[in-house]
Amino acid sequence: MKHKLLLIIGILIFNMNVFAYTKNSCDKKGILLVTFGTTYLSAQKTFKNIEDEVKNKYPELDIRWAYTSKIIRKKLRQQGQKINSPAEALALMGEEGFTHVAVQSLHIIPGAEYDALEKTVLAFENMPKGIKRIELGKPLLYKHDDIEKIVSALNTIFHKQIVKNETIVFMGHGTHHNANIYYPGVQYYFSASSENLFLGTVEGYPTINDVIKLLKAKSVKTVVLTPFMSVAGDHAQNDMAGKDANSWKSILIKNGFSVKIIMKGFAEYNQVVDIWINHLQNALNKLEN
Ligand code: CO
């Protein structure tokens with residue numbers, strides 16, 4: 001009799017544990033896509049391509065957006081467009097009943113914007129009456145595999161130019177953050193894959209002058225300029241292709257090169273978007289554990 005009672009108690013405790021670990025039917029999973037942002041409407045539209053790709057892959061999950069740039073959010077607000085910060089978006093998702101959120105960084109490198117986003121995400125874990133579980137997906141370039149994938153994707157995307165022996169110069173953003181090392185790092189992978197791919201940065205190393213030295217050593221005549229950024233926004237329109245004497249286009253022309261422009265950001269290429277989606281899948285997997 002005593003044994004039977006212990007057995008019943010044992011089964012009860014076991015069942016309670018199983019119940020505790022079973023997914024609550026009130027759980028609601030969602031995705032937050034986070035980018036630096038842009039004030040260019042044409043560039044904003046290209047974010048739609050990422051959203052469509054994510055929707056295709058996860059039709060059952062709701063998608064929200066946030067911009068990490070405070071300056072861009074302020075400019076947009078003055079133009080009557082309200083875009084949330086990551087903290088605002090997560091607070092609203094908690095309020096809407098989302099319990100499990102995969103946040104996907106659409107940044108290029110794990111730099112200052114990514115670091116700040118990581119802090120925000122950590123602060124939202126286990127919010128009382130809010131989000132229970134939250135995971136952050138890595139930016140485009142994180143591990144060795146990511147860089148191999150982007151280099152292979154860009155070799156495919158720019159195949160037409162490469163077979164014509166045209167030289168492609170990518171404009172990366174660059175940063176004071178130690179993650180700037182990704183840019184000269186990518187150049188090493190570029191050089192191993194093709195003689196025709198070069199990467200410079202607006203605000204970091206290598207600069208356009210560093211790239212020009214390499215182009216001259218190779219006796220390049222024509223250069224195809226294109227962004228190494230998620231969208232063709234302000235940097236692409238002005239610093240890359242602008243009419244000013246200090247735009248990359250003007251500097252290259254002054255140095256004797258003829259210049260072609262491809263005004264497209266990474267968000268427009270599905271082969272590149274797939275790398276971000278792969279990181280999102282990893283974040284969604286972690287939410288299940
Ligand atoms: Co900038």
Side-chain angles (χ1 to χ4, degrees), residues 31-55 63-86 88-89 103-109 111-114 116-117 139-141 150 153-154 157-158 168-175 177 183 199-204 207-208 223-253 259-277:
I31 293 169
L32 177 64
L33 298 175
V34 183
T35 166
F36 179 78
T38 179
T39 52
Y40 274 71
L41 270 181
S42 56
Q44 267 187 18
K45 277 185 199 142
T46 61
F47 285 135
K48 183 77 173 53
N49 184 49
I50 300 183
E51 184 168 324
D52 290 345
E53 287 293 299
V54 173
K55 248 185 210 151
I63 302 164
R64 301 286 182 271
W65 279 88
Y67 284 8
T68 55
S69 169
K70 199 170 184 174
I71 298 170
I72 287 174
R73 293 196 310 268
K74 192 179 169 191
K75 275 189 196 160
L76 291 174
R77 203 158 50 237
Q78 286 161 351
Q79 295 164 21
Q81 195 187 1
K82 168 78 176 117
I83 304 256
N84 291 321
S85 71
E88 286 171 326
V103 179
Q104 180 54 46
S105 153
L106 300 175
H107 302 102
I108 305 291
I109 55 162
E113 297 296 316
Y114 180 80
L117 178 60
L140 186 70
L141 307 181
I150 185 81
L154 294 174
I157 292 161
F158 294 95
I168 299 140
V169 173
F170 291 91
M171 175 189 258
H173 194 281
T175 173
H177 189 281
Y183 295 101
L199 175 59
T201 66
V202 195
E203 291 176 20
T207 64
I208 184 61
V223 169
V224 178
L225 257 184
T226 197
F228 193 90
M229 298 182 187
S230 60
V231 291
D234 191 52
H235 286 301
Q237 304 284 347
N238 296 309
D239 300 318
M240 188 183 84
K243 289 196 180 87
D244 282 13
N246 54 2
S247 78
W248 284 22
K249 183 183 173 187
S250 302
I251 295 170
L252 285 163
I253 290 171
V259 178
K260 294 180 188 173
I261 303 285
I262 298 182
M263 196 54 85
K264 273 176 124 182
F266 284 171
E268 294 174 72
Y269 305 120
N270 288 352
Q271 297 103 312
V272 181
V273 173
D274 283 348
I275 303 173
W276 274 307
I277 291 184

* Asked: Is the backbone N or O of Thr38 less than 3.5 Å from a side-chain atom of Gln44, with the two atoms forming a donor-acceptor pair by type?
  ->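 Answer holds: yes.
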* Short side-chain to backbone donor-acceptor contact, Ser230 and Ala267, under 3.5 Å ->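 No, Ser230 side chain to Ala267 backbone: no donor-acceptor pair under 3.5 Å.
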Distance from [X] atom [atom1] to [Y] atom [atom2], nearest 0.5 Å?
| X | Y | atom1 | atom2 | answer |
| --- | --- | --- | --- | --- |
| His235 | Met240 | NE2 | CE | 12.0 Å |
| Leu199 | Tyr183 | CG | OH | 7.5 Å |
| Lys249 | Lys260 | NZ | NZ | 13.0 Å |
| Asp239 | Ile208 | CG | CD1 | 11.5 Å |
| Thr201 | Ile109 | OG1 | CD1 | 9.5 Å |
| Ile261 | Lys264 | CD1 | NZ | 14.5 Å |

* **Working for side chain to side chain contact (heavy atoms under 4.5 Å, CB included), residues Phe47 and Leu33** => CA-CA 10 Å; Phe47 285 135; Leu33 298 175; over 6 Å; no
If I compare all heavy atoms of [X] with all of [Y], which pair ends up nearest, and what's the gap?
| X | Y | result |
| --- | --- | --- |
| Ala89 | Ala66 | CB-CB, 4.0 Å |
| Ser250 | Gly242 | OG-O, 3.8 Å |
| Ala245 | Ile251 | O-CG1, 3.8 Å |
| Lys55 | Ile63 | CG-CD1, 3.7 Å |

Check: [Y] and [X] side chains under 4.5 Å, non-hydrogen atoms:
| X | Y | answer |
| --- | --- | --- |
| Leu154 | Ile168 | no |
| Asn270 | Asn49 | yes |
| His177 | Tyr114 | no |
| Ile157 | Phe266 | no |
| Ile277 | Gln104 | no |
| Leu117 | Glu113 | no |
| Val223 | Trp248 | no |

* Only one of Leu140, Thr35, Thr68 passes side chain to side chain contact (heavy atoms under 4.5 Å, CB included) with His107; say which it is. =>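 Single pass found, and it is Thr68.
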* Asked: Is there a donor in the side chain of Glu53 and an acceptor in the side chain of Trp276, or the other way round, less than 3.5 Å apart?
  -> no
* Please work out which of the three classes, parallel, tilted or perpendicular, describes the rings of Tyr269 and Phe158, given edges at 30° and 60°. => perpendicular
* Given Met229 and Val202, is the side chain to side chain contact (heavy atoms under 4.5 Å, CB included) satisfied, shown in steps? -> CA-CA 11 Å; Met229 298 182 187; Val202 195; 4.0 Å; yes
* To do: Take Asn238 and Asp244, measure what side chain to side chain contact (heavy atoms under 4.5 Å, CB included) needs, and give me the verdict at the end.
  => CA-CA 8 Å; Asn238 296 309; Asp244 282 13; over 6 Å; no
* Is Lys70 atom NZ crowded by more than 12 heavy atoms from other residues, nucleotides or ligands, each under 6.0 Å away? ->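 Open.
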